[in-house]
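All remarks here apply to the structure that follows.
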Amino acid sequence: MAAPALWQPQEQGLREICTLLEAHISPNSDQARIWQQLQHYSQFPDFNNYLVFLLARGEGKSIEVRQAAGLLLKNNLRATFSSMPVPSQQYIKSELLPCIGATNRAIRSTVGTVISVLFQIVRVAGWIELFQALHKCLDSNDLDHMEGAMDAIYKICEDVPEELDIDVAGLPERPINVFMPRILQFFQSPHASLRKLALGCINQYIVVMPSALYMSMDQYLQGLFNLAKDPSADVRKLVCSAWVQLIEVRPSILEPHLKNVTELILQANKDSDDEVALEACEFWSAYCDVSMPPEGLREFLPRLIPTLLSNMVYADDDESLADAEEDESFPDRDQDLKPRFHASRLHGSETGEDDDDDDAVNVWNLRKCSAAGLDVLSNVFGDNILPTLMPLIEQNLARTDDDSWKERETAVLSLGAIAEGCIAGLYPHLPQIVAFLIPLLDDKFPLIRSITCWTLSRYSKFIVQSLDHPNGREQFDKILMGLLRRILDTNKRVQEAACSAFATLEEEAAEELVPHLEVILQHLMCAYGKYQKRNLRILYDALGTLADAVGAELNQAKYLDIFMPPLITKWQQLQNSDKDLFPLLECFTSIAQSYIKSFQALGPGFAQFAEPVFQRCINLIQSQQLAKIDPTAAGSLYDREFIVCSLDLLSGLAEGLGAGIESLVAQSNLRDLLLQCCMDEAADVRQSALALLGDLSRVCPIHLHPRLQEFLTVAAKQLSPQSVKDAVSVANNACWAIGELAIKIGKEIEPVVINVVSCLVPILKSPEGLNKSLIENSAITLGRLSWVCPDIMAPHMDHFMQAWCSALCMIRDDFEKEDAFHGLCAMVAANPSGAVGSLAYICQACASWTEIKSEGLHSEVCQIMNGYKQLLGNSGWEQCMATLEPAVVQRLARYGV
C-alpha cells in the first residue's frame, strides 16, 4: 500500500496569507479588517497547515512574519486542535519537531511556545515523538539544538510541570527522571543561556518536588552554591529565586545550609544588578513568614539593616521621581487611573483593607521590597533592631543639603516601616519623632512631603492613644492641620499621600474629629474643587471614611451645607455611563450608612438629598438593564458594576432613612427591578440585590408584598448545595434576607420553610470550609423560621438541633441572636420531648450568652431550662450536667437551675 502523500501548500494561498500577516504586524494597518480576514481564512481546514509551514519552512520570509504565523497557530491550536482532522494534527506535529533546533533564536523560541501549548492538549502519551526529539536534542552537543530543547522543556515545566512526572505507556522512565540528570549537567555549561534555562526548569519543580529532584537535591544545592557568583545576572537572579522558593515551601531542606545561604543572599542583596538584588531581598520576608527561628538571622542584622536602608533610597531611574514633578496643572494620564473594583455588599462581614502603598505607580521594586523587609524584621525582632537602625536614620536626617534629600526621605520611610514592630521602644520618644516630622510636611521636596504624610499615618493609632498625655492634644491638632494643608498641596503625589494618610487618621480618631469637622470639611471641599479624576477618587474615600468615623455628627445643616451641594452637583453632571459615578456612589453609601452605625436615622438634613440620589439609582439600574438587551437604545454598553453600586447605595439609604424610605419606594418601580436583579446571572448583582431585599424587608416589607412569593422562591433557590458551592456570598445574603422577611411577614413564609430548612441543615452540619458569616446567618434564619412557624419546624428538630446549637454558641450577643433564641424556645415549647436527646447542646447554647438583655427572652430561657429539670427529675438533670464543662454549668445558674 502506497504511503499517504504529504500535504503541500498552494503558492497562491501562501502568498495571500503572507500578505495578510505582513499587514497584521504593521502598526498602521486596519487591525479590525485584518482580524475579519484572518477569521475568514481560519474556516479553511488546512489554514493551520499553512501557518506551521510558514513557521517551519518559511525561508525567505521575514522572521517577524514567521513568528506571527507561529503565534497565530498557537492561539488556533488552543481552540481547535482537538477537532482537527487527524492528518492535519500529524502534519503540524511533524513540522514542529525539526524546528526545535532552528538556527534563528526567535524562531526556536516561537516553536517552543507552540510546542508547549500543543503539549498541554495532547500530553506525553499523545506525542511520544516529542519526548524522543527533545532527548535527542539535549544529547546533540549542538548549541542551537540544546537551547531549543531546553526552551521547550522550560515552557512545559512552567505551564504543566506535573505532566513530566507521570508514568507513560511505551516509555521505560518518567520523562522528568530522564531529563533531570541532563538538565543538572547544564548548570556547568559554558553557555549562560543553557545555565539560565536549566535553573529555570528545575526551579519550577521546587513546589511539586518530584522524586527525581528530591533524590538529586544535594547536586541541585551544590549547583546553586556554585552559580551564586555567576557572571550572568539572569543566572544569579534565578539562584536567588531558588533560595526564596526553598525557604517558602521546603525550609527543612535549607536548614542545614542556612548560614551559608543567608551569607550569599546578603551579598546578592548588594548586587550591582537591581533585579538580582530585588530577588535576594524577597528572602528576608519569606524567612520571617515561614516562622524560621529568628536566631538564624540575628547575627546578620548589623550588616542586613544598613543594606536594606541603602536599597530604600530612590534609584535615579525610579519612575516615581518623574511623577513627583507633576503638579496639579498636569492633566491625569489614562495609565494613572488604576482600575477600581467595587466589592458587592455582604451582610455580616467586616470590609476594608488597609493599603499602605505610598506610590502612585504600583511597580514592585527594590526600594519597596527593602522597606517591606524592614517592616517584617521589625515585627520579628522588635526593639532589638533599633540600636543598629536609629544611628543610621539620625545620620540621614542630619544631612540637610539639597543633594541629600533622597537619604532624608529614606530615613522618614524607615520610621514609617518600623512604626508597628518597634513601637514599644519608640513610644516614649513619639513626641520628639512627631515634632521632627511635622516640619517635613512643608519640605521643598514633594517626595519628602508625601512620605512624611504616610509615616505620620503609620503612627495614627499611637498618636490618638496619646491624646490624654501632656501636649498630646496639641500634637494631634498639629498633625491634623498639617495633613489638611497637604491635602491642598499643588503636587498631585502629595495630595494623594495626604488624603490617604488623613483617611487612616480618621479611622483611628473617630469622634475626636468632631470639634474639627467644619475646618476638615472646608479643606476637603476646597480640594474637591481642584482635584483631578485620580485623586478625586481618594478624596471620596476620605469623605466616606469621615462619615464612618463621626457618624450622625455629620447630620447637621451647617456641615451638610458645606459638602452635600458640591457632591450633588457632580452627581448630576456625570452621565449614567460615566465610571466616575462608582466612587461617588460608594461615598454616598458611606454617608448614608454612617448614621445607622450611630443608631440614629438620617435626619431632615440629609433627607432633602435622598430623593434625587434614590431616583438616580433607579435610573442607573433601568438604563443598565436596557443596555444588557439593547446597547444602542440605552446609548451605552452594559456594565453591571453600575447596577451593583446602585443597589448598594439603595441599601445604605434603606439603613439610614429607615421607614423614611417608604415613600420613595412607593413611588418607584424598585420592587420589579429588584426581583430582576435577584435573578441575574451575575453573582455580584444577585449578592447586592439580596442584601437590598433584606434591608427593605426590615423597613418597608409592605412594598414587597405583591411579589412576595417570587422573592422567597428566588432567595430559597440560592441556598441549594450547588448554589452555595458556586456563590457562597450570594447564599449568605439570601439566607439573611429570608430571615429578615420571616420576622416581618410571619406565617406567609410557610410555603418555603421546609425547602429553606432542608438547605440550611447541611450548611450547619458541615460548616468546614464555609465562611463564618454564612454559618451564623443560617443559624439565625433557622431560629427566625422556628419563631414564626414553630409547628412546622418542631417535628424536624432532631435532624438539626445539635448542629444548630453548636452554631448558636459562636454568635455574639445581639438582637439577631435574640431572635434565634426566641425560635429555639418556641420550638422546644411546641415539642419538648423531641429535644431531650439534644439537651446538652441546648444547655451549651444557652450558656453562650454573656447577658440576655431582653427580659422576655431571659424569662423564656428560664422556663425551658426549669421545664427540662422537672421533666428529667433531679438524677436525670444531674446526669446531663455531668456531661458539661464546669464553666457551662456555672453560667446556667443564672437561669435558676
[X] [atom1] to [Y] [atom2] distance, which is reported to the nearest 0.5 Å:
| X | Y | atom1 | atom2 | value |
| --- | --- | --- | --- | --- |
| E681 | R686 | CD | CZ | 8.5 Å |
| L524 | L543 | CG | CG | 6.0 Å |
| I775 | M810 | CD1 | CE | 9.0 Å |
| N732 | L690 | CG | CG | 10.0 Å |
| L808 | I780 | CG | CD1 | 8.0 Å |
| D819 | L824 | CG | CG | 12.5 Å |

- Is the number of heavy atoms from other residues, nucleotides or ligands under 6.0 Å of I702 CD1 greater than 12?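 Incorrect, the count does not exceed 12.
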- Item | Over 12 non-hydrogen atoms of neighbours within 6.0 angstrom of NZ in K717 |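 No, not enclosed.
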Does any non-hydrogen side-chain atom of [Y] lie less than 4.5 Å from one of [X]?
| X | Y | value |
| --- | --- | --- |
| I749 | C789 | yes |
| V753 | V788 | no |
| C700 | I661 | yes |
| E507 | T545 | yes |
| E818 | D814 | no |
| Q667 | F614 | no |
| L670 | L692 | yes |

Within the distance-only criterion (no hydrogens, no angle test), does the side chain of [X] pair as donor or acceptor with the backbone N or O of [Y] below 3.5 angstrom?
| X | Y | answer |
| --- | --- | --- |
| N535 | Y531 | no |
| S623 | L620 | yes |
| Q718 | V714 | yes |
| N733 | Q687 | yes |
| S838 | Y841 | no |
| D630 | A633 | yes |
| S500 | A497 | no |
| T781 | C735 | yes |

- Task: Quick one: list whatever passes salt bridge (Lys or Arg N to Asp or Glu O under 4.0 Å) with D813, sequence neighbours left out.
- Result: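 Scan of D813 (salt bridge (Lys or Arg N to Asp or Glu O under 4.0 Å), adjacent residues dropped) gives K817.
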Could I get the full list of side chain to side chain donor-acceptor pair (under 3.5 Å) partners for [X], not counting sequence neighbours?
| X | value |
| --- | --- |
| Q43 | none |
| E662 | H703 |
| D159 | S116, Q120 |
| D726 | Q722 |

- Message: Side chains of W736 and E776 only: does a donor on one sit below 3.5 Å from an acceptor on the other?
- Response: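 Not at all, the side chains of W736 and E776 share no donor-acceptor pair under 3.5 Å.
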- Query: Distance only, no hydrogens: is a donor on one side chain within 3.5 Å (strictly under) of an acceptor on the other, for K155 and T113?
  - Reply: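 Their side chains do contain a donor-acceptor pair, which is all the 3.5 Å distance test asks for.
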- Show the numbers, then the answer: is there a side-chain contact (heavy atoms from CB on, under 4.5 Å) between N76 and F81? CA-CA 7 Å; N76 289 353; F81 184 80; over 6 Å; no
- Considering only NZ, NE, NH1 and NH2 on the basic side and carboxylate oxygens on the acidic side, decide whether R698 and E816 come within less than 4.0 Å.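 Between E816 and R698 there is a salt bridge, with a charged N closer than 4.0 Å to a carboxylate O.
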- Any salt bridge between R640 and D680, counting N to O under 4.0 Å?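 Here R640 does not pair with D680 in a salt bridge, since their nearest N and O are not under 4.0 Å apart.
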- Evaluate the salt bridge (Lys or Arg N to Asp or Glu O under 4.0 Å) criterion for residues E641 and K579: first the C-alpha distance (whole Å), next the side-chain angles of each, then the deciding distance (0.1 Å), finally the verdict. CA-CA 9 Å; E641 197 164 0; K579 294 192 176 186; over 6 Å; no
Restricting to pairs with a member in [range], which pass ring-ring contact (aromatic ring centres under 6.0 Å, His included), not counting sequence neighbours?
| range | value |
| --- | --- |
| residues 634-658 | F582-F642 |
| residues 662-692 | none |
| residues 661-689 | none |

- Task: Check the pair L647 / C677 against side-chain contact (heavy atoms from CB on, under 4.5 Å), numbers first and verdict last.
- Result: CA-CA 9 Å; L647 290 167; C677 292; 4.2 Å; yes
- Task: Apply the test side-chain contact (heavy atoms from CB on, under 4.5 Å) to residues I643 and D684: give CA-CA distance (whole Å), side-chain angles for both, the deciding distance (0.1 Å), then the verdict.
- Result: CA-CA 10 Å; I643 296 181; D684 52 353; over 6 Å; no
- After noting the C-alpha distance and the side-chain angles of E163 and I156, does the key distance pass the side-chain contact (heavy atoms from CB on, under 4.5 Å) rule? CA-CA 8 Å; E163 283 300 317; I156 289 169; 5.7 Å; no
- Message: Under the side-chain hydrogen bond (donor to acceptor under 3.5 Å, both in side chains) definition, can you give me all pairs with a residue in residues 743-759, not counting sequence neighbours?
- Response: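 Sorted result for residues 743-759: H705-E748.
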- Quick one: side-chain hydrogen bond (donor to acceptor under 3.5 Å, both in side chains) pairs with a partner in residues 613-622, sequence neighbours left out?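 For residues 613-622, and leaving out neighbouring residues, the side-chain hydrogen bond (donor to acceptor under 3.5 Å, both in side chains) pairs sorted by first residue read N576-R616, Q615-N619, Q622-N669.
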- Mind jotting down which residue pairs meet the salt bridge (Lys or Arg N to Asp or Glu O under 4.0 Å) criterion with at least one end in residues 787-806? Sequence neighbours excluded, please.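 Every candidate salt bridge (Lys or Arg N to Asp or Glu O under 4.0 Å) pair involving residues 787-806 fails, so no pair, neighbours aside, qualifies.
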- Is there any salt bridge (Lys or Arg N to Asp or Glu O under 4.0 Å) pair reaching into residues 669-678, and which pairs are they, with sequence neighbours excluded?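 Every salt bridge (Lys or Arg N to Asp or Glu O under 4.0 Å) pair that includes a residue of residues 669-678, provided the two are not neighbours, is D672-R707.
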- Task: Go through the steps to decide whether S720 and S723 satisfy the test side-chain hydrogen bond (donor to acceptor under 3.5 Å, both in side chains), and finish with yes or no.
- Result: CA-CA 5 Å; S720 72; S723 299; 2.8 Å; yes
- Message: For W787 and F821: C-alpha separation, side-chain torsions, deciding distance, then whether ring-ring contact (aromatic ring centres under 6.0 Å, His included) applies.
- Response: CA-CA 8 Å; W787 193 11; F821 269 78; over 10 Å; no
- Trace of the side-chain hydrogen bond (donor to acceptor under 3.5 Å, both in side chains) decision for W364 with E282: CA-CA 11 Å; W364 190 244; E282 300 284 2; 2.8 Å; yes
